[in-house]
Chemist: 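Below is the structure I would like to discuss, written out as structure tokens.
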Amino acid sequence: MNILLLHGYGLDRSGSNVFIKNLARNLCDQGHNVHLFCQASLEEAQNECNSYYEYNSKNKVKFFVEDNSFQCSGNLYIHKADISILLVYNMDKYNGFEKVTTYTQASKEELETYFVKNASLVRKICMRYQIDIVLANHILGMPEVARRATHLTGVPFVINPHGSSIEYSIRGNDHFKSLCRESFIRAKAIVVGSEEMKRRIEDIWGTKFNKKFIQINMGVNTSLFNANDKITELQVTDREFLEKRYSKEFFDEFYEQQKSVSAEKLNAAMTKNRDHFLQNKSDKDYTEKVNANKASKKIVYAGKMIVGKGVHNLIFAVAQAKNIELMLAGEGTFRPCLELLVRALQYTDYNLFKTIVTNGPYFDGKPKKVMASLERYLNQVEFTKLSEMAQQNNLIERVKFLGFLTHEQLVSLYKVCHYLFLPSEVKEAYPLCLIEAAACGLLPLATDTGGNKEFLNRLSANLFKDEKSLVIASESNEVVGSIHSKIETIKDVNFSAAEMSEYVHKNYDVKNITKQYLNEFSKLVYGDNDERANFKQASCL
């Protein structure tokens, strides 16, 4: 088959990016010609495709690179459109665009320009390469592009929804609800990766699209994420020290500059340095941090450093725990505040602590709002008492910020750790980091938001005879205390890392998931339904 995958972003740094890259590679491995329409840079695309095309504003090829080293049963082509504005669900750092803005902040003219420019090139690709089927990633963005591009070609398209577009852009926005509804009507199928995603779609659009649902688990690369070869420490490579990156000393200095300022001045400093804080690199001393102070148990968090991920709750829980180290892998705009919170606890700096807790999301580019979980917890435990525990446990040396890690670096980190904790306050749709950690033999723990509970309950039922719970209630007034309790009690749980890894390999391996996608694609392309059977002739018009 000639398959076109639509993805509005790059191929690294997020779960949806990595998933679409893995899916493209595995579709190609199974002998199909895959066209990946995305915004990946040439650097990202290296070793990921046979050919890389960049187009100009008139959809003419302005840049072409062929990679003869790429070996696959099929062919994989990457196509990058020339767009001046990039529309996103949640603000982040993106290079190479005149403007980056959220869907909710974009003007009608900007939205229309974005859809028209992308759809015109997708239509051209469909015609030139005789595309058999299109898979559009997310719900808002590429599905609308697919709807416009395939309207006259007759090529069927499938939608693969993710949670970020629903939670950050669609929910509460009638215009986008209507826009996405039109895409759902036109789509031949909607592939959902969990029951949680079904519920979210039903919550907004009701049950009218349920007959289009096809449930296929999200897949992870189990050839990379596996429980083999446990190690005791990370190996230092020369590459880690070639560039100027963050270190503990950088944030020690940042604390000295910001510890006595007002909320407005702190926010001004955060805003001014927001792009700088998104380094997309590992800290220069991250291997030293991981290998030092060998505690009996190492807990890892892997993901974005944004306020909704709840990392602050995890830090406060660890402040009370003895002989525990917390490894924080990831980058994001809220990292500086998390660094400051650790120092506020270590140095009994109540004023700084109060400034952050009472404003919270304000320092992450959002409206001012109290960080309710921390405020509730401090109603039970006095700040001075918590600070004393943090000092006794030497919190500043036991909470290790590592920066952004590649998947290869992350696998090595997993192999020296014992548990992964995902303390999300926002609803996770597809918690890939939990699945990847389980594949590596780490016991995954999480709050019960969204898809976290669904995956961990499945894992518990298959892993433990007495179905030990791996989740805690995120809505609890004692969420910090509950995380701390889980950290303390989970140390006594016996489990087989090999059995857990085998379970993930059987149910979530991207190669097996790809076969399920291909089976559904084949039904849609070659099925008996007259509407589907005639599309190949229409696609050549």
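What you see is a predicted model, and the numbers here were worked out from it, not measured in a lab.
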Chemist: What are the two closest heavy atoms between Val191 and Asn160, and how far apart are they?
Modeler: O-OD1, 3.3 Å
Chemist: Can you name the one residue among Lys248, Lys400, Arg335 that meets salt bridge (Lys or Arg N to Asp or Glu O under 4.0 Å) with Asp283?
Modeler: Arg335
Chemist: About how many Å separate CG of Leu432 and CG of Leu422, when rounded to the nearest 0.5 Å?
Modeler: 10.5 Å
Chemist: Hey, is CD on Glu502 packed in by over 12 heavy atoms from elsewhere, all under 6.0 Å?
Modeler: no
Chemist: Using salt bridge (Lys or Arg N to Asp or Glu O under 4.0 Å), reason through Lys281 and Glu331 one step at a time and then give a plain yes or no.
Modeler: CA-CA 8 Å; Lys281 304 169 186 171; Glu331 47 80 28; over 6 Å; no
Chemist: Is there a donor-acceptor pair closer than 3.5 Å between any side-chain N or O of Gln346 and the backbone N or O of Leu395?
Modeler: yes
Chemist: Take atom NZ of Lys415 as the centre, draw a 6.0 Å sphere, and report whether it contains more than 12 heavy atoms from other residues, nucleotides or ligands.
Modeler: yes
Chemist: Does the Asn323 side chain pair with the main chain of Ser296, one donor and one acceptor, at a distance under 3.5 Å?
Modeler: yes
Chemist: Hey, is the main chain of Asn50 close enough, under 3.5 Å, to the side chain of Asp67 for a donor-acceptor pair?
Modeler: no
Chemist: Considering residues at least two apart in sequence or located in another chain, which fulfil the salt bridge (charged side-chain N to carboxylate O under 4.0 Å, His left out) criterion with Lys198?
Modeler: Glu195
Chemist: Tell me if a side-chain donor or acceptor on Ser194 pairs with a main-chain N or O of Met197 at a distance below 3.5 Å.
Modeler: yes
Chemist: Tell me whether Lys354 at atom NZ has more than 12 heavy atoms from other residues, nucleotides or ligands lying less than 6.0 Å away.
Modeler: no
Chemist: Ignoring hydrogens, what is the shortest heavy-atom contact between Phe421 and Ile472? Give both atom names and the distance.
Modeler: CZ-CD1, 4.5 Å
Chemist: For a quick test of reading the model, state the closest non-hydrogen atom pair linking Glu425 to Thr449 and the distance between them.
Modeler: O-CG2, 4.0 Å
Chemist: Are any non-hydrogen side-chain atoms of Tyr89 and Tyr9 less than 4.5 angstrom apart?
Modeler: yes
Chemist: Are side-chain heavy atoms of Pro423 and Ile483 found at a separation under 4.5 Å?
Modeler: yes
Chemist: Could you walk me through whether Glu167 and Arg200 pass the salt bridge (Lys or Arg N to Asp or Glu O under 4.0 Å) test, one step at a time?
Modeler: CA-CA 9 Å; Glu167 300 306 321; Arg200 292 195 198 189; 3.2 Å; yes
Chemist: Taking atom CG of Leu442 and atom SG of Cys417, what is their separation to the nearest 0.5 Å?
Modeler: 6.0 Å
Chemist: Output yes when Glu428 and Lys453 qualify as a salt bridge under the 4.0 Å nitrogen-oxygen rule, no when they do not.
Modeler: no
Chemist: If every non-hydrogen atom of Ala438 is compared with every non-hydrogen atom of Phe455, which pair is closest and at what distance?
Modeler: CB-CZ, 4.3 Å
Chemist: Please check if any side-chain donor atom of Thr348 sits under 3.5 Å from a side-chain acceptor atom of Gln391, or the reverse.
Modeler: yes
Chemist: Got a donor-acceptor contact below 3.5 angstrom from the Ser73 side chain to the Gly31 backbone?
Modeler: no
Chemist: Under 4.5 Å between any side-chain heavy atoms of His138 and His7, yes or no?
Modeler: yes
Chemist: Under the rule for salt bridge (charged side-chain N to carboxylate O under 4.0 Å, His left out), what residues qualify as partners of Asp12, not counting sequence neighbours?
Modeler: Lys21
Chemist: Check this for me: does any side-chain nitrogen of one of Asp252 and Arg343 sit under 4.0 Å from a carboxylate oxygen of the other?
Modeler: yes
Chemist: Would you give the length of the straight line joining atom CG of Leu378 to atom OG1 of Thr384, rounded to the nearest 0.5 angstrom?
Modeler: 9.5 Å
Chemist: So do the side chains of His484 and Glu488 get within less than 4.5 Å of each other, counting heavy atoms only?
Modeler: yes
Chemist: Strictly distance-based, threshold 3.5 Å: is any side-chain N or O of Glu454 a donor or acceptor partner for the main-chain N or O of Glu196?
Modeler: yes
Chemist: Are any side-chain N or O atoms of Asn512 and backbone N or O atoms of Tyr508, one a donor and one an acceptor, separated by less than 3.5 Å?
Modeler: no
Chemist: Taking the six-membered ring for Trp, are Phe353 and Phe316 ring centroids under 6.0 Å apart?
Modeler: yes
Chemist: Please confirm whether the backbone N or O of Asn351 pairs with a side-chain atom of Thr355, one donor and one acceptor, at under 3.5 Å?
Modeler: yes
Chemist: How would you list, by chain and number, every residue that makes a ring-ring contact (aromatic ring centres under 6.0 Å, His included) with Tyr255, sequence neighbours excluded?
Modeler: Tyr347
Chemist: Report yes if the side chains of Glu397 and Asn394 come closer than 4.5 Å at any heavy-atom pair, otherwise no.
Modeler: yes
Chemist: Between Ser501 and Ala497 (side chain of the first, backbone of the second, donor and acceptor by atom type, cut-off under 3.5 Å), is there such a pair?
Modeler: no
Chemist: Give the C-alpha distance, both sets of side-chain angles, the deciding distance and a yes or no for side chain to side chain contact (heavy atoms under 4.5 Å, CB included) between Ser282 and Gln409.
Modeler: CA-CA 9 Å; Ser282 59; Gln409 290 172 314; 3.7 Å; yes
Chemist: Verify side chain to side chain contact (heavy atoms under 4.5 Å, CB included) between Leu340 and Ile356, making sure each step is shown before the conclusion.
Modeler: CA-CA 9 Å; Leu340 293 178; Ile356 295 175; 3.7 Å; yes
Chemist: If you take all heavy atoms of Leu352 and Ala344, which pair is closest and at what distance?
Modeler: CD2-CB, 4.3 Å
Chemist: What distance do Asn393 atom CG and Arg398 atom CZ have between them, rounded to the nearest 0.5 Å?
Modeler: 4.5 Å
Chemist: State, to 0.1 Å, how close Asn137 and His162 come at their nearest heavy-atom pair, and which atoms those are.
Modeler: OD1-NE2, 3.0 Å
Chemist: Calculate, to the nearest 0.5 Å, the distance between atoms CG and SG belonging to Leu76 and Cys49 respectively.
Modeler: 6.5 Å
Chemist: Around atom OH of Tyr350, are there more than 12 heavy atoms from other residues, nucleotides or ligands closer than 6.0 Å?
Modeler: no
Chemist: Given the rule in the side chain to side chain contact (heavy atoms under 4.5 Å, CB included) test, do Tyr419 and Val300 qualify, once you have shown the distances and angles that lead to the verdict?
Modeler: CA-CA 6 Å; Tyr419 311 110; Val300 60; over 6 Å; no
Chemist: Check whether Ser387 reaches the backbone of Leu345 with its side chain - one donor and one acceptor, N or O, closer than 3.5 Å.
Modeler: yes
Chemist: Side-chain contact test, heavy atoms from C-beta onward, threshold under 4.5 Å: evaluate it for Phe401 versus Phe251 and give yes or no.
Modeler: no
Chemist: Stepwise, does the side chain to side chain contact (heavy atoms under 4.5 Å, CB included) test hold for Phe363 with Val307?
Modeler: CA-CA 9 Å; Phe363 305 119; Val307 68; over 6 Å; no
Chemist: Rounded at 0.5 Å granularity, tell me how far CG in Leu443 sits from CG in Leu434.
Modeler: 10.5 Å
Chemist: Any carboxylate oxygen within less than 4.0 angstrom of a Lys/Arg side-chain nitrogen, looking at Lys511 and Asp509?
Modeler: no
Chemist: For the residue pair Leu338 and Met305, establish whether any side-chain heavy-atom pair is separated by less than 4.5 Å.
Modeler: yes
Chemist: Is there a side-chain contact between Met327 and Val290 in this structure, where contact means two heavy atoms from C-beta onward sitting under 4.5 Å apart?
Modeler: yes
Chemist: Any chance CD of Glu382 has more than 12 other-residue heavy atoms, nucleotides or ligands included, within less than 6.0 Å?
Modeler: no
